[in-house]
Each structure stands twice: as C-alpha cells, then as structure tokens.
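Take a look at the structure set out below.
Note that these values count all heavy atoms, side chains included, but never hydrogens, waters or copies made by symmetry. Here is how names work: the chains are called A, B, and so on, in the same order as the sequence lines, proteins then strands, and each is numbered from 1.
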Number of protein chains: 2
Amino acid sequence: MAFIKTPVRGMPEQTPLEMELRNYVFNQIRKVYHSYGYLQIETPAIEHIENLTGDQGGENEKLMFRLLKRGESLQRALKEGGDLSAEGLRFDLTVPMTRFYANNMSDLPIPFKVMQMGPVWRADRPQRGRFRQFVQCDIDILGEATKLAEIELISATVEALSSLGFEDLVVKVNDRRILRAMALFAGFPQDELNDVYILLDKMDKIGFTGLRDELITAGYSHEITDKYLGLFRELPESTLSRSYFENNPEILSDIEIFENLDQILTATRSLTDPEVNIIFDPTLVRGMGYYTGTIFEVSLPGMAGSVAGGGRYDEMIEKYVSQPVPACGFSIGFERIIVLLEEQGLIPGFTDPRTAYLLDKDLEIGQIVELMQEANKRRVNGETIFIAARRRNVRRQIEELEELGYTQFEEISPE
Amino acid sequence: MAFIKTPVRGMPEQTPLEMELRNYVFNQIRKVYHSYGYLQIETPAIEHIENLTGDQGGENEKLMFRLLKRGESLQRALKEGGDLSAEGLRFDLTVPMTRFYANNMSDLPIPFKVMQMGPVWRADRPQRGRFRQFVQCDIDILGEATKLAEIELISATVEALSSLGFEDLVVKVNDRRILRAMALFAGFPQDELNDVYILLDKMDKIGFTGLRDELITAGYSHEITDKYLGLFRELPESTLSRSYFENNPEILSDIEIFENLDQILTATRSLTDPEVNIIFDPTLVRGMGYYTGTIFEVSLPGMAGSVAGGGRYDEMIEKYVSQPVPACGFSIGFERIIVLLEEQGLIPGFTDPRTAYLLDKDLEIGQIVELMQEANKRRVNGETIFIAARRRNVRRQIEELEELGYTQFEEISPE
C-alpha cells in the first residue's frame with residue numbers, strides 16, 4: 001500500500017508556530033483555573049461502548065469512532081451476530097469525567113472542582129473550523145447545589161478568556177426552567193419541547209419573523225406561536241424582568257428561580273471587568289438535553305456562535321452513583337479560541353531571546369564542545385540557543401530561523 | 001447496556017495528584033528541549049492504515065488499534081471482501097512525524113529539530129508499568145548527517161532527565177555497523193543477524209553463559225558461538241577499544257566509525273555532569289530494525305530496562321520523500337519516568353500558596369461577592385484560592401484539602 005502524505009481528512013496537524021500558540025493558550029487557561037483550585041484529571045481516549053451509548057451524549061453518540069475488536073474475524077463476528085466493537089473514542093469530556101467520578105468518588109473532595117483539557121473525536125463532516133479531532137477545555141463543579149457554582153464558573157471562564165486578550169465578551173444566561181415554563185405557558189405539548197427549542201435556538205440567525213415561519217411550518221397553531229413570540233417581545237433581552245414574572249405568576253410561580261438568576265447576574269457583574277456584558281437572554285437554549293437549571297454561554301460581538309458554553313446538570317450523575325450529585329460545568333471551545341486569536345492578531349510574541357550558532361563544517365570537535373558548553377550556560381539563563389551546521393545558503397538559513405523568532409546569529413569559523 | 005465504572009483495561013486514568021506530577025514532568029522536559037530550539041509539532045491520533053502498515057513500525061504494527069469505518073455494514077464489508085478499517089490509532093510518534101515531514105517539508109527549516117509529546121496506543125497485554133495508552137516524548141533531528149546530531153540529542157536528553165532529579169544516569173552507546181561487523185566476523189549468516197541481535201539483547205539478563213546456551217539451542221555451531229562471545233570478552237565494556245579494532249582490521253576496517261563514536265563519547269562526557277556515566281556498550285542492540293548507525297539508551301543503575309532510547313535512522317525518510325534525509329532521534333519513556341519519580345520520592349512539593357475559604361451557608365450574597373473579589377486579588381498574585389461551602393464535617397473537609405496542598409483555611413461566618 002502506498003504511503004499517504006496528508007493527514008486523515010478533518011484531523012489537523014499542528015505546525016511549530018501553531019503549537020507555540022496552542023501551548024500558550026493551554027497554559028494561560030490552566031493557570032487561571034488552577035488559581036481557583038480546579039483539579040486537573042485525564043481520562044483515556046478510549047471508552048467502553050456501553051458508556052458512550054448511554055444516551056447522555058445526545059446527537060454526538062452517532063458521531064462516535066468505534067474500534068475494531070483486536071483479532072476479531074469478520075466471519076466469527078457475523079456468526080455470533082455480535083457488535084464488532086467493544087470500545088470507542090470519546091466524543092466529549094463529560095461522559096468520561098462522570099465515569100471517573102463514579103470510579104473514584106470515595107477519594108475525591110466535596111465539592112469536586114475538576115478541570116479537563118484534551119482531544120475528543122467525532123466522525124463529523126469536516127468544514128472550516130470544524131474538525132474530527134479537536135480539543136475541549138472543561139471545568140465542572142460536582143457536589144455544589146447552590147449559585148456558588150454558577151458564579152464561580154462564569155467568573156473563572158470570563159477571566160480565562162480575558163487573560164488571552166479578548167475584549168467585549170458577552171455572557172448570556174438563562175434557566176432551562178424558564179425556557180420550559182414559557183413554552184408550556186404558550187401551549188406547546190410537553191413532549192415536543194425539544195423540537196421547539198431547536199427552532200428557538202436559530203433565533204439569532206433568523207429573527208422573530210423567521211422563527212414564526214418555522215413554528216407555523218412545523219405545524220403549530222398561529223395562536224400558540226403568537227402567544228409564545230409575544231412573551232419574548234414583552235421580555236426585553238438583557239434585563240432579567242423579574243417583576244414581569246412576578247406580575248405574571250401563571251407563567252412561572254417559583255420566584256426563587258428568578259432570585260437565583262438575579263444573584264448570579266449581579267454577582268458575576270461585580271466580579272468581572274465592567275466591559276464584559278453579562279445579560280439575561282430568554283432565547284438562550286444550549287443544545288444538550290441533560291441541563292436542568294441555569295445555562296450560559298460566552299460570545300463575541302460580530303461573531304456567530306459561542307466560544308464557551310455550559311450549565312447545570314443536576315440529574316446526570318445520579319444515574320451512575322447511588323446518590324444525587326448536583327453538577328454544573330463550563331466548556332471552552334479551544335479550537336474556536338485559536339482561530340479567533342489568529343484572526344484578531346492576539347498572538348503573543350516570542351518571549352525568550354533566541355540565538356543561533358551556525359558552525360562551519362570544518363570546526364574541530366574541541367571547538368564544537370566549547371561552543372556547546374557556552375550554549376548550555378546561556379540556556380540555563382532562559383535563552384534559547386539553536387546550534388546547527390552553517391548551510392551553503394546561509395542567507396536562506398537565517399531567514400528560516402528569523403521566522404521562528406531568532407534575532408541573533410553567530411557564524412562560527414575555525415579558530 | 002449497563003454503565004461501566006472502571007476505565008478500559010490497560011488504559012490508565014490520571015487523578016489530580018498524578019496530573020500535577022505529569023504536568024511538572026511535561027513542562028520540565030519541554031523547557032529543556034525548547035532551550036535547544038526543538039520545535040514542537042502535534043499530529044492526529046488517527047493515521048492512515050497505509051502508513052501504519054508500511055513495515056517501519058516493526059512488531060508494533062501488530063498491536064495497532066483499528067477503527068471501524070463509519071456506517072460500514074458487516075454484510076457489505078464481507079461481500080466486497082474489503083478491510084473494515086481505513087484508519088488506526090498511532091502506535092508511535094515516529095511514523096506520524098515522518099508523514100508530517102513529507103507533507104510540510106518545503107516549509108520546514110533545515111535541519112529540522114522537532115519535539116513531540118503525546119499519547120500512543122498499543123493493543124498489548126497490560127502489565128505493571130505497561131499500558132495500552134501511554135505517552136512518548138521524542139526529539140529528532142532531520143537533515144543533519146554528522147555527529148552534531150548525536151552529541152546534541154544525548155546531552156539534551158541527559159539534561160532533561162537530570163533536571164527531574166535523576167542521578168547516576170548511565171548512557172550506553174553503540175553503532176549498528178559495529179554490531180553487524182562483529183556478528184558477520186564470527187560467521188553468522190547475513191540474513192539471520194536480527195535473530196542473533198534478539199538473543200544478544202537479553203545479555204544483561206542472562207549473561208554470557210545464558211547467551212551461549214541460547215545461541216547453541218538456536219542451532220549455531222560451537223565454533224561461531226565461541227568466536228562471537230570471545231569478541232565481547234576481549235572488548236572491555238565501557239571503553240571504546242578503538243585500538244583493539246585498529247589491531248584487528250579484519251573485523252571492521254572502516255576506522256571512521258570508531259573515530260565518530262569516539263568523538264560522540266568524548267564530547268557528551270564533556271557536556272554532561274561528571275556523575276553521568278557515558279559508555280561504549282558493544283552488546284547494546286535497540287529493537288527497531290530501522291537504525292543505521294549510532295544507537296543509544298539511558299538506564300539507571302539497579303533498574304531493569306531503559307528510560308530512554310534512540311539512534312540514527314538515515315534510510316527511513318527517503319522512502320517517503322524524493323531525496324535522502326539523514327535522521328537521528330531520542331525518545332524518553334514518559335510513563336517509566338513517572339513510575340521512577342514516584343518510587344524514588346522525587347515528587348516536587350506544591351509551589352503555590354494554597355488557601356481555602358470555607359463559607360457558612362447563611363452568608364449574604366453581598367458578603368460572598370466581597371470574598372470572591374478579595375480571592376481574585378490574591379489569585380492574580382500567584383496564590384491558589386479555593387472557595388466552597390463549609391461542610392457539616394469541616395474537619396474532614398480540611399483534611400481532604402490538606403492532602404491537596406492547602407495550608408491556610410478561613411472559615412467565614414455571616415457578619
């Protein structure tokens with residue numbers, strides 16, 4: 001079989017300059033999360049099929065890469081009628097993290113503040129900015145039922161993003177219970193709420209008129225549709241309108257939900273830079289079906305889609321351990337961040353002084369060793385010293401090194 | 001299907017304390033290699049089957065995890081008689097790196113000094129210290145035909161290991177051409193050299209007597225066997241015995257090989273700590289069939305096996321690009337290093353001051369926000385501040401946090 005030079009489709013490879021940026025972003029995010037006491041864990045790339053098909057991964061389960069059982073013959077697999085795979089590549093970090101938690105629970109602190117940074121795989125159709133291997137950066141708090149979790153997750157994530165140089169961040173916050181109450185109040189059947197959410201999720205692209213058309217096309221009555229859209233019109237985005245709900249208790253009577261949201265908004269505004277815009281957005285949906293309360297995402301003005309998203313999922317972990325475990329998490333889309341930093345020119349310069357020693361090919365071994373000893377002394381002081389034979393086309397060699405941040409060149413000839 | 005709590009067999013998960021150690025080792029190794037100007041790259045975990053079965057992976061190819069083609073039905077696969085997989089997980093970092101080089105050659109500097117740190121997968125039988133997912137740390141120099149490569153790779157790797165606190169490192173150096181000349185001189189048939197090397201490789205476990213028995217059992221004559229062992233007896237380990245070969249040119253007449261090895265040994269001894277023992281070892285084999293010249297490995301006294309290994313492989317890359325590219329590399333066994341650091345107690349302490357604020361559940365939101373603002377100020381100054389609700393059993397909570405390096409605890413009650 002012929003050797004193939006290009007990487008597998010949709011699987012990016014990272015060049016040296018890309019890796020410098022990725023390492024910088026990795027370290028920056030990790031530093032911020034570490035300062036809040038988040039504990040980093042790592043789980044294997046390969047996970048049991050049973051765990052990857054438990055329905056908590058939603059649509060992502062369909063995109064799983066499955067592994068062939070080692071040594072499995074086709075004939076035998078057919079005869080036994082069995083599945084050809086017992087394992088698959090993880091499609092997110094949440095499924096393995098819940099397994100890790102179930103497996104190590106007795107040794108973990110309460111609350112467990114956990115950070116994960118690592119690749120996940122989805123057999124998706126590759127497009128610009130959508131890869132089949134990509135990195136996620138998640139923080140989660142397990143075992144904290146109150147707003148303490150939301151407030152910290154939002155401020156820590158905003159700080160991580162701000163530390164990378166992003167300005168004018170917009171944080172949208174909503175609560176699944178408000179989303180649900182509004183849809184039920186308008187008259188949508190309970191078992192079709194997810195379909196309604198999927199349409200509502202498009203609102204920032206298609207607007208009110210588009211949403212109205214889609215709901216009618218989907219077969220909902222004009223009455224329900226207009227009652228629903230009327231609610232959003234009455235609720236000005238970006239303020240919580242708690243008084244609106246207090247005056248309309250038939251929509252949602254549990255006023256604690258608003259008190260909770262109110263405090264999350266007020267606290268996170270006090271804890272972040274005034275330029276960060278933290279708003280209540282009743283149209284915010286977030287895709288995953290497992291959210292039970294607060295949901296949130298971060299976007300940048302003029303940029304479609306979000307750069308981070310998360311929320312509370314109090315009912316997921318109980319399925320795997322014998323007790324209820326409240327949980328809340330926030331995930332940064334690492335690849336998205338990288339693309340944006342490149343587009344916005346927020347790439348940090350080379351911070352270490354970089355010098356290249358270019359050696360004449362006729363140098364004696366003794367002189368080479370002396371130079372290497374000198375280089376070692378400079379390296380210990382934080383300098384980067386590159387040593388190589390001087391090429392015939394030294395001008396080209398120097399240009400190549402300049403692109404990699406080298407500013408000093410010493411051409412060494414025999415003494 | 002039932003959820004499974006434990007990780008897939010042989011696939012380790014890393015707890016928070018393990019991750020602190022792993023990150024420390026990662027950063028330490030990367031820092032040293034970076035100071036020599038090695039450029040980090042990353043390749044996808046998934047690689048074309050064609051590249052993974054090109055025979056350059058040797059025995060490892062048999063241990064490849066294959067991916068099931070997405071949506072492939074068993075029936076159709078059988079009918080078409082095709083392979084069920086077009087892709088597999090990489091079993092080492094060398095195969096993907098050569099693909100990367102072939103794909104990006106025109107944009108890469110010459111020489112290309114490259115560093116890789118990442119997981120690889122082998123469907124091996126798991127044992128203590130042998131995993132089915134494990135991390136490798138490789139440095140390679142492509143495009144440097146002379147000893148400059150070997151000298152730098154050895155000194156950089158020794159420095160990386162020394163920086164982790166390892167003492168009394170032993171570096172064994174040999175040359176595949178000497179290995180070959182000695183076996184041919186003794187009379188072994190050319191096409192059986194690899195079988196002889198496999199037996200020779202066991203010498204440090206079975207000794208001269210054991211090796212003699214194994215060679216005889218394998219069907220070699222007493223004459224050949226004793227002539228071969230006689231050569232090793234005459235060659236005192238740890239000195240190069242160049243004069244021995246000069247006096248016996250019928251073994252190997254190409255004296256440049258010894259001159260080269262001599263200079264590598266002398267130079268690396270001058271460049272490393274005097275406690276590091278750098279020796280010529282004519283019994284050093286190194287497994288991979290692709291080595292063409294110098295080979296080397298690092299071991300620790302009293303420890304079976306090696307912690308790093310590598311060598312020159314001048315003929316591999318030419319297969320994929322249209323020109324000869326000399327190459328030399330050194331790979332650190334990351335998981336081995338982690339186990340040794342733990343065994344030798346070389347685990348660094350927590351360097352950042354860690355404080356926990358434990359909040360009474362009746363605190364007003366205003367007071368919580370003030371505390372969080374104070375915490376943010378301390379975090380900016382490099383402190384780690386953990387904030388959580390105070391548990392009923394606060395003594396247990398403090399013990400848990402002490403294990404994670406927290407030394408200061410502030411229990412906060414309503415004002």
Side-chain angles (χ1 to χ4, degrees), chain A residues 1-8 11 13-16 19 34-35 37 39-46 48 50-51 53-54 65-68 70 74 77-78 84-85 87 99-100 102-103 109-111 123 133 148 152 263 267 270-271 320 365 369 372-373 379 384 386-389 391 400-401, chain B residues 1-8 11 13-16 19 34-35 37 39-48 50-51 53-54 65-68 70 74 77-78 84-85 87 99-100 102-103 109-111 123 133 148 263 267 270-271 320 365 369 372-373 379 384 386-389 391 400-401:
Chain A
M1 282 185 284
F3 178 81
I4 301 171
K5 281 189 187 184
T6 50
V8 171
M11 302 269 174
E13 54 190 12
Q14 313 298 343
T15 65
M19 274 309 289
H34 178 85
S35 78
L39 300 168
Q40 194 173 2
I41 64 162
E42 224 169 64
T43 64
I46 299 176
H48 304 284
E50 289 85 344
N51 298 356
T53 52
F65 279 102
R66 286 163 178 264
L67 296 168
L68 205 54
R70 190 183 159 205
L74 268 182
L78 258 187
L84 270 188
S85 58
E87 294 152 4
R99 189 197 50 64
F100 178 92
N103 194 34
I110 306 170
Q133 170 176 327
L148 274 185
E152 184 176 284
Q263 292 190 342
S270 309
L271 287 163
Y320 309 116
I365 184 73
V369 169
M372 287 182 164
Q373 284 168 331
R379 287 173 183 137
T384 295
F386 177 88
I387 301 180
R391 276 156 49 195
E400 285 173 3
L401 289 165
Chain B
M1 281 184 283
F3 178 80
I4 301 171
K5 282 188 185 183
T6 49
V8 171
M11 302 269 173
E13 54 190 13
Q14 312 298 343
T15 65
M19 275 310 288
H34 177 86
S35 78
L39 300 168
Q40 194 172 0
I41 64 162
E42 224 169 64
T43 63
I46 299 176
E47 194 51 70
H48 304 284
E50 288 86 344
N51 298 356
T53 52
F65 280 103
R66 287 163 177 264
L67 297 168
L68 206 54
R70 191 183 159 204
L74 266 182
L78 259 186
L84 271 186
S85 58
E87 294 152 4
R99 189 197 49 63
F100 178 93
N103 193 35
I110 305 170
Q133 170 176 326
L148 273 186
Q263 292 191 342
S270 309
L271 287 163
Y320 310 115
I365 184 72
V369 170
M372 287 182 163
Q373 283 169 331
R379 286 173 184 137
T384 295
F386 178 86
I387 301 180
R391 277 155 51 194
E400 284 174 5
L401 288 165

Fill in the blank from the handout: Looking only at Glu87(B), Gln263(B), Met372(B), Glu42(B), most heavy-atom pairs under 4.5 Å shared with chain A are made by Glu42(B)
Exercise for the section: Flag the one option from Leu39(B), Thr43(B), Ile46(B) with the top tally of heavy-atom pairs under 4.5 Å to chain A. Expected result: Ile46(B)
Using a 4.5 angstrom heavy-atom cutoff, name the option from [options] with the most pairs to chain B.
| options | result |
| --- | --- |
| Gln14(A), Glu400(A), Arg99(A) | Arg99(A) |
| Ile4(A), Leu148(A), Leu271(A), Ile41(A) | Ile4(A) |
| Ala388(A), Ser35(A), Pro16(A) | Ser35(A) |

Can you tell which part of [X] gets under 4.5 Å to a heavy atom of chain A, answering side chain, backbone, both or neither?
| X | value |
| --- | --- |
| Ile110(B) | both |
| Ile387(B) | both |
| Gln40(B) | both |

What are the two closest non-hydrogen atoms of [X] and [Y], and how far apart are they?
| X | Y | result |
| --- | --- | --- |
| Phe3(A) | Ala102(B) | CE2-CB, 4.1 Å |
| Thr15(B) | Phe100(A) | CA-CZ, 4.0 Å |
| Ala267(A) | Ile365(B) | CB-CD1, 4.2 Å |

Handout entry: Short side-chain to backbone donor-acceptor contact, Gln133(A) and Ala45(B), under 3.5 Å
Key = yes
Practice task
Would you confirm whether Arg66(A), through its side chain, and Leu68(B), through its main-chain N or O, come within 3.5 Å as a donor-acceptor pair?
Solution key: no
